[in-house]
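Reading through the C-alpha cells given below for one structure.
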Amino acid sequence: MLRVYNTLTGSKDPFEPLVPGKARMYVCGVTVYDYCHIGHARSALVFDVLRHYLEYSGFVVEFAKNFTDVDDKIIKRAHEQGVSCENITAKYINAYYEDMEKLGVRRATLEPRATEHIADIVTLVDRLLAKGMAYRVDGDVYFQVDRYPVYGRLSKRKLDDLQAGARVDVDQRKRHPMDFALWKSSKPGEPSWVSPWGPGRPGWHIECSAMAMRHLGETFDIHGGGMDLIFPHHENEIAQSCGATGKEFARYWVHNGFVQINQEKMSKSLGNFFTIREIFKESEWSDVVTGEMLRYFLLSTHYRSPLDFSDQSLREAKGALNGFYDLFERLNEPAPSQGVADQQMREATTRMRQAFVEAMDDDLNTPTAVAALQKLRGETNKAIEAGLSGEMRRAVRREFRTLGAVLGLLQPDSWQFNPKLNPKRVGEAVSVEIEERIETKVVLSDTDIERDLAERNEARKMKDFTRADDIRKYLARHGITIEDRPDGTSRWKR
RNA sequence: GGCGCCGUACCCAAGUGGCUAAGGGAGCAGUCUGCAAAACUGCGAUGCGGCGGUUCGAACCCGCCCGGCGCCUCCA
C-alpha cells in the first residue's frame, strides 16, 4: 500500500482515498507569464509519476492542475510588452504544453483556469464574508486570519512568530498583518470582473480553493505543489477553504523539493536559471533522448530532497540509460526457443517487480525503484549469457516497459542504435568534455557515418586492420562508437 | 529573531535501531574480441561531517560542535 509523506501530519501516511478506488488530486500549476524552468519540470514530473503510480496501483485518478492566468506578474509583463494579458497567457500556456510534451508529462484530466472560475471565486468570497471570516475595505476583500483558529497548522507556524518576522510594509487597512486579499479592486487598465464589491480581480490564493472545490469537491484526497507553496499559499488555501466549508479541504499535502544549481536555489537574481526549452535546445541529443535523460536525472533523487542540476548529472543519466537500451538491443537478437535461464529469469523478474512496488509504495522512492530496474538489467544480461528463450526475452522487455511507464522511462524500442533519435546539429561543431578537457567535435551526418562504416568493413574483409582501425578512431573522435557483431556486420551509436 | 532541511566511496544516490551499508556513473584488473564496443567476473566506504551520550547493539535516537542550504516576501 502506498504511503505518502503528508506535510500536514509530518509523517508518511497510508493513502486511503475518500472514495475507495478513486484518487482525486489537485496540483498547483504555473503562473503563465514566462517560460518554465527545470524546477517546474521537476514538480510536473513528480506529480505525473504520482498519478501514474496511483493508476498502476489500481486507482482511477482525477487530476486537476490549474493555470494561474490572472496575476500581478502577468499584468506587469503585459504592460511592459504593450500587449493584452490574454496575449501573454496564451503564449505561455502554449509554451508550457510544448515543454511538457517533450518531457513526457501527460496533461492533467482537468486543467482549470482562474479566469474561467470568477463566478466560483465570487461565491466563495461571499461565503467567507457571510461567515464573518472576511471583511471589506474599500473595493478589496481580505481574509481575517485570526478568525481561523488553527491558522499555521500546515507550515507549523504561529501567527505571533510570523508577525515578528514580517519584513514587508503592512497595509494599515488590514486588521491583522497576515490578512491576505481574497479580492482586489482593479485599477484602470487591469483585468476586471464585476462583483458585489465593485470591479476587481481575484487574489492569488482563492482561485485554487474555488477550482479545487468546483472540480473535486469540498474535500478531496491529495493537494500538491512545490515546497515553497507551503507558506503562505497552501496555508491560506486551507484557511479560506476550511473556513468557508467547515470541512477538511485536502487530506494529503504533498510537496516536492527544489532544483538547485551549485547547492543554491535557482533564482533569477543569481542568474542561475535554466528553462526547459533552453536545455532541449542546447542538448546535443534529440528531444526524445534529452527528455528521457532529464526524467531519469530528475527521478534519480527522492522527490522531497534538493537536487543539483548540472551538465555532468545529465551526462550521467545518459550513461545509465545507455545500459538499458544496450540490453534491449540484445533482447531483440535471435534466441533459442528453450532457454536454460528462463526459470531463473522469471523469478528475478518477480523479485524486481516486488522491489519496485515496495520502493514506490514507500513515499515514491524513485531512486530505489530505479535501482530495482538496474538490478533487473544485470540479472537479464546474465540470463542472456546463460541462455534465454525468445519468449522470455519478450516477456522481460514487456516488464521493463510496464514498470518504466510508471516513471515515464524505457518506452522507445531503440535508442542509441536508432539513427532517427540521435542526429542533431549535423555538420555543426559542438563542445564536448573529454576527461575534464573541453574539446570540439563536428557532428557527423548519418550518411557520412554509414559511408565510413562501409569503407571500414571493406577494409576488414581485406584484413586491412590498420585502415579499419583508423576509421574507427576517426569516428570515435566524433563521438561515434562502432560495435562489430559476430555475423560480420557492424552497427554504430553516438 | 522564528521554523525547517541536508552532510553516506572519486561523482550521483538509497538506507533512518540489528543479516556482508542498495543501485548507477567513472576507474582498475581479467574473460571474450583481429583490435574495439557491449556483456560477464573480480576489486573498491572496517565505515556513513566531528566529538560525546543512550542502548546488548546506531549511519540511523539524544546533545554539542563544524560545514552547506531553505522558508518566514512573488516563487515549482
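Both backbone and side-chain heavy atoms feed into the values below; hydrogens, waters and symmetry mates do not. Letters A, B, ... mirror the listed sequences (proteins, then strands); counts begin at 1.
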Sticking with atom [atom1], work out how far [N] lies from [M], rounded to a whole angstrom.
N     : M     : atom1 : answer
B/C64 : B/A76 : C1'   : 36 Å
B/C60 : B/U54 : C1'   : 14 Å
B/C12 : B/U55 : P     : 37 Å
B/C40 : B/G24 : P     : 10 Å
B/G15 : B/C6  : P     : 11 Å
B/U73 : B/C10 : P     : 42 Å
B/A45 : B/A21 : P     : 10 Å
B/G52 : B/C43 : P     : 33 Å

Atom-pair distance ([atom1] on [X]; [atom2] on [N]), nearest Å:
X      : N     : atom1 : atom2 : answer
A/I261 : B/C69 : CD1   : P     : 15 Å
A/M266 : B/C71 : CE    : P     : 12 Å
A/R491 : B/A37 : CZ    : P     : 15 Å
A/M352 : B/A14 : CE    : P     : 19 Å
A/R351 : B/A22 : CZ    : C1'   : 14 Å
A/W492 : B/A36 : CH2   : C1'   : 18 Å
A/R153 : B/G4  : CZ    : P     : 18 Å
A/D484 : B/U33 : CG    : C1'   : 9 Å

Check this for me, if you would: do [X] and [Y] make a salt bridge, where the nitrogen-to-carboxylate-oxygen distance has to be below 4.0 angstrom?
X      : Y      : value
A/E292 : A/K318 : no
A/E80  : A/R77  : yes
A/E333 : A/R491 : yes
A/E101 : A/R106 : no
A/R201 : A/D72  : yes
A/R173 : A/D179 : no
A/R456 : A/D469 : no
A/D99  : A/K102 : no

With a non-hydrogen cut-off below 4.0 angstrom, is [X] in contact with a base, only sugar-phosphate, or nothing?
X      : value
A/S313 : nothing
A/G378 : sugar-phosphate
A/E316 : base
A/F258 : base
A/N256 : base
A/G39  : base
A/R42  : nothing
A/L229 : sugar-phosphate
A/V259 : base
A/N365 : sugar-phosphate

Could you tell me the Watson-Crick or G-U partner of [N], where both distances fall under 3.5 Å? Say none if there is no partner.
N     : result
B/G23 : B/C12
B/U31 : B/A39
B/G44 : none
B/U55 : none
B/G4  : B/C69

Looking at [X] and [N], is any side-chain donor or acceptor paired with a base atom of the opposite kind under 3.5 Å?
X      : N     : result
A/D469 : B/G34 : yes
A/R304 : B/C5  : no
A/D308 : B/C12 : no
A/R460 : B/G34 : yes
A/H302 : B/A14 : no

[X] side chain near [N] phosphate (N/O to OP1/OP2, under 4.0 Å):
X      : N     : value
A/K382 : B/U41 : yes
A/R456 : B/C35 : no
A/R485 : B/U33 : no
A/K156 : B/C3  : no
A/K265 : B/A76 : no

Nearest nucleotide by nearest heavy atom, which residue falls closer to the 5' end of RNA chain B, A/L327 or A/D362?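 Its nucleotide being nearer the 5' end, the pick is A/D362.
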Pick the nucleotide of RNA chain B nearest each of A/C28 and A/I482; which residue has the one closer to the 5' end?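 The 5'-side residue here is A/I482.
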Would you indicate which nucleotide in [options] comes nearest to any side-chain atom of [X]?
X      : options             : result
A/Q312 : B/G24, B/C11, B/A37 : B/C11
A/T368 : B/C35, B/G24, B/A14 : B/A14
A/M178 : B/U73, B/A14, B/C40 : B/U73
A/Q374 : B/A39, B/G23, B/A14 : B/G23
A/K375 : B/G23, B/G34, B/C72 : B/G23
A/S305 : B/G34, B/G23, B/A14 : B/A14

Which of parallel (below 30°), tilted (30 to 60°) and perpendicular (above 60°) describes A/H234 and A/H255? tilted
Under 30°, 30 to 60°, or over 60°: which ring-plane class applies to A/Y151 and A/F231, parallel, tilted or perpendicular? perpendicular
